[in-house]
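Scroll down for the structure; my scribbles are underneath it.
Being a predicted model, the structure only gives us computed values, none of them experimental. Counting starts at 1 for both ligands and their atoms, in listed order.
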Amino acid sequence: MAEEPARPRARSSTGADGRRRDRSWPPAPEPLPVPVVDDHTHLDIVDGPGADERSDDGDRRTVADLLALAAAAGVPRAVQIGCDLPAARWTVEAVQRHPELVGGVALHPNEAPVLAARGELDDALEEIGRLARADRIRVVGETGMDAFRTDAGDAAAVAAQEESFRAHVRLAKELGLPVQVHDRDAHADVLRVLAEERAERVVLHCFSGDVDMARECVARGYWLSFAGTVTFSNAGGLRSALSVVPLERVLLETDAPFLTPSPHRGRPNASYLVPHTARVVAGVLDVPLEELCTAVAATAEELYGPW
Ligand SMILES: [Zn+2]
Ligand SMILES: [Zn+2]
């Protein structure tokens with residue numbers, strides 16, 4: 001039975017440029033030859049036709065629909081990331097209902113300053129600490145630093161972001177879980193905090209650094225997770241960074257419903273579209289697609305355990 005999200009949060013129907021997006025679902029790609037894991041998705045955020053009108057639109061897709069589509073495309077498992085308190089609570093329940101999922105919980109780096117301004121950050125971190133101990137929660141994330149949406153000139157906001165990031169890294173170490181790190185225009189600060197906190201099992205989600213940063217992350221033993229951004233025509237620098245990463249350090253993700261891979265950029269995203277990203281990544285690494293998929297699935301199990 002297909003259920004609706006407990007707390008649907010609809011993605012905006014307009015893009016960053018203010019223009020209406022094409023909300024129709026892209027067609028299913030050719031399935032992958034070997035099943036992989038989507039390392040990072042947000043199933044609590046609803047997109048697609050009718051999503052924010054809450055209508056009975058026939059093309060509205062539920063979580064169960066999206067998981068079935070993903071399985072048919074060779075992506076039968078995913079890591080569901082809930083990165084504010086309602087989404088983290090939703091994630092703890094969703095991973096119980098759907099055997100395809102394990103979960104991650106955290107406060108997003110853009111959420112931390114908002115909570116801090118309201119005097120609620122400490123309580124929220126405490127609740128994340130409780131939720132992270134729930135069954136099938138296998139990673140702390142996404143946490144990190146974001147100098148794009150949080151104003152770098154707002155010292156209090158930046159301090160709250162860093163404090164929250166450090167608290168999440170400590171929680172992950174305490175629980176023996178890996179940590180998924182969000183890094184937007186904040187490479188140096190992210191690397192500094194991870195080093196200062198002696199972070200242990202680190203996944204840089206939606207990796208966006210250059211060749212030097214990729215080399216530094218590999219030297220530190222981190223994993224690099226590549227999203228649809230690596231397929232974009234203007235992402236030559238990111239593909240160069242990927243080319244220096246050993247196969248066993250590479251993960252694939254959607255960050256759905258955002259960052260839809262080419263050729264469907266701007267439309268809704270979901271785990272069934274991972275094959276577009278996988279094919280580009282295999283090409284850049286110059287390995288057969290089967291070999292990439294086998295490695296990615298094994299790496300995901302190494303990090304999060306079997307499911
Ligand atoms: Zn992120
Ligand atoms: Zn995300």
**Request:** Carefully, step by step, assess L273 and T260 under the rule side-chain contact (heavy atoms from CB on, under 4.5 Å).
**Result:** CA-CA 8 Å; L273 297 172; T260 313; 4.0 Å; yes
**Request:** Decide whether E142 and H182 meet the rule of one side-chain donor and one side-chain acceptor closer than 3.5 Å.
**Result:** yes
**Prompt:** Would you find more than 12 non-hydrogen atoms of other residues, nucleotides or ligands less than 6.0 Å from D286 atom CG?
**Reply:** no
**Request:** For the Zn ion (ligand 1), find the closest N/O/S atom belonging to H205 and write down its atom name.
**Result:** NE2
**Asked** Hey, which N, O or S atom on H182 ends up closest to the Zn ion (ligand 1)?
**Response** ND1
**Request:** Establish, for the pair R11 and F258, whether the NZ or CZ atom is under 6.0 angstrom from the six-membered ring centre and no further than 45 degrees off its axis.
**Result:** no
**Prompt:** Which N, O or S atom name in H42 marks its closest approach to the Zn ion (ligand 2)?
**Reply:** NE2
**Shortest non-hydrogen contact between H42 and C83, atoms and distance** = CE1-SG, 3.7 Å
**Complete:** Among the N/O/S atoms of D255, the Zn ion (ligand 2) lies closest to OD1
**Request:** Round to 10° and report the angle made at the Zn ion (ligand 2) by OE2 of E142 and NE2 of H40.
**Result:** 90°
